[in-house]
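Sequence lines set the chain letters: A, B, ... in the order given, protein chains first and strands last, and positions in each chain run from 1. All of these numbers come straight from a predicted model, not from anything done at the bench.
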Number of protein chains: 2
Amino acid sequence: MKEKRTIKRVQKIIAAFFRENRRMPSFAEMIGLLDVKSKSVVHFWINKLIDAGILAKDGQGRLSFTKQAFAIPLVGSVQAGFPSDEEETVGDILSMDEYLITKPESSFLLQVSGDSMIDEGIREGDLVIVERDKQPRNGDIVIAEVDGEWTLKYFRQQENQVFLEAANPKYPVIRPKKELRLGGVVTAVIRKYHH
Amino acid sequence: MKEKRTIKRVQKIIAAFFRENRRMPSFAEMIGLLDVKSKSVVHFWINKLIDAGILAKDGQGRLSFTKQAFAIPLVGSVQAGFPSDEEETVGDILSMDEYLITKPESSFLLQVSGDSMIDEGIREGDLVIVERDKQPRNGDIVIAEVDGEWTLKYFRQQENQVFLEAANPKYPVIRPKKELRLGGVVTAVIRKYHH
DNA sequence: TTGATAATAGAACGAATGTTCTATATAGAA
DNA sequence: TTCTATATAGAACATTCGTTCTATTATCAA
């Protein structure tokens, strides 16, 4: 049996296209995607999605997804139910990129090696997002040069005294004698489980 | 003094527009963005970016960023230098969305509460990405219902015996008597530091 | 200076865009 | 059945798209 066209289904089709091509399909392309034979039918459904608040048009009349629609559901605390395919989720935001990377031009990713921040829950193999030009505050996690090597450390500041501390008791506190070389401040930690 | 147009600068301008509007600007819009007065000049620069491998055209002749260009640099191990603004970085990939979320239609985010997985480096307030329909394997982290509450646990499997284990010695091992309700498998952990 | 190259401007063009109209087909209620 | 609302098709349209051409200006080396 053939699938009926519903708002949800059309949304998924367009979202899939967007994720794959990083752009919206044209009406002509949607004729194929939605399996219809006329642009006016596409127009018909697009208007439905706009009315439903899933799509929107910007100033130039260009089509784009609402933040709501593009986000994957965020669940605060898991109760009896999980977000199902059909139901609307109250959850907020977000694209991972937007959520994690505030300043893309001065950020970079670093793969963690070593266990100097193990008690902070940062483990070997994790990715950290580092912001280069950021001014570290007391307690921030920074990338610092220690004995010619770069490692992750807490940045501590006490009465004009600056020192570095690992989140692992087996590493000593570092009190820099002269200059302290910092590579940036850690703004996020990412761990992916590979199955 | 006015800024000279360079490939890098044009790339940044277009990338900024893309990030903000989730789409490529048209040539007409780029006239304003690049501060020129003719579409042919835009055409001239776009071709430069294409030659440089920063932009590309898909089958329909649509403009899009190369994966290379869109990614933020990934540094394996930090050596003497950090990725600077101008230099090219060898690092691979990635958009966070693409990297983290393989199946957007069956994934959701969950904010972690409690300390049941603390020894795994998953802490209260972290976000975990959960894949709903995934079949858990031995050692995977799953969302499971225990005593009417949902928590994170290791999924263990030994000789047809299934049980749940916390990454925290203060929680006992769970050996389900009858049915075991699972909400999904954790595929990634995300922690953002708010400054 | 002169000469050569790179960069910019402007106009013209066919192709593709989204919109709008009329007409036909389908489905459910009365 | 008939009536009504919904869904689909097809064509026509003005607008915008990216391309291509010629011409002018800026840059820099010889």
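- Proximity of residues 41-49 of chain A to DNA chain D (heavy atom under 4.0 angstrom from any strand atom) is restricted to A/Val41, A/Phe44, A/Trp45, A/Lys48.
- Side-chain contacts under 4.5 Å among hydrophobic residues (ILVMFWY), followed directly or transitively, place A/Val173 together with A/Phe163.
- Sequence neighbours left out, the pairs with a member in residues 56-65 of chain A that pass salt bridge (Lys or Arg N to Asp or Glu O under 4.0 Å) are A/Asp58-B/Arg23, A/Arg62-B/Glu29.
- The side chain to side chain contact (heavy atoms under 4.5 Å, CB included) test applied to B/Asp119 returns B/Ala167, B/Pro169, not counting sequence neighbours.
- Atom pair B/Met30:CE and C/dT8:P shows a separation of 15 Å (rounding to whole Å applied).
- An end-to-end axis angle of 30° holds for the helix from C/dT1-D/dA30 to C/dA30-D/dT1, taken from five base pairs per end and rounded to 10°.
- Counting 5' to 3', DNA chain D first comes under 4.0 angstrom of a heavy atom of chain B and last does so at the ends given by D/dC17 to D/dC21.
- Checked against side chain to side chain contact (heavy atoms under 4.5 Å, CB included), A/Ala28 has the following partners two or more places apart in sequence or in another chain: A/Ser26.
- For A/Asp126, the salt bridge (Lys or Arg N to Asp or Glu O under 4.0 Å) criterion is met by A/Arg191, not counting sequence neighbours.
- With sequence neighbours left out, the salt bridge (Lys or Arg N to Asp or Glu O under 4.0 Å) criterion links A/Lys134 to A/Glu131.
- Residue pairs meeting the side-chain hydrogen bond (donor to acceptor under 3.5 Å, both in side chains) criterion with at least one partner in residues 157-167 of chain B, sequence neighbours excluded, are B/Arg156-B/Glu165.
- The 5' end of DNA chain C is approached more closely, in terms of each residue's nearest nucleotide, by B/Asp35 than by the other of B/Lys39 and B/Asp35.
- Contacts of A/Asp133 classified as salt bridge (Lys or Arg N to Asp or Glu O under 4.0 Å), with partners at least two apart in sequence or in another chain: none.
- Using a 30° and 60° split on the angle between ring planes, B/Phe18 and B/Phe65 fall in the perpendicular class, above 60°.
- Residues passing the side chain to side chain contact (heavy atoms under 4.5 Å, CB included) test with B/Phe44, sequence neighbours excluded: B/Lys48.
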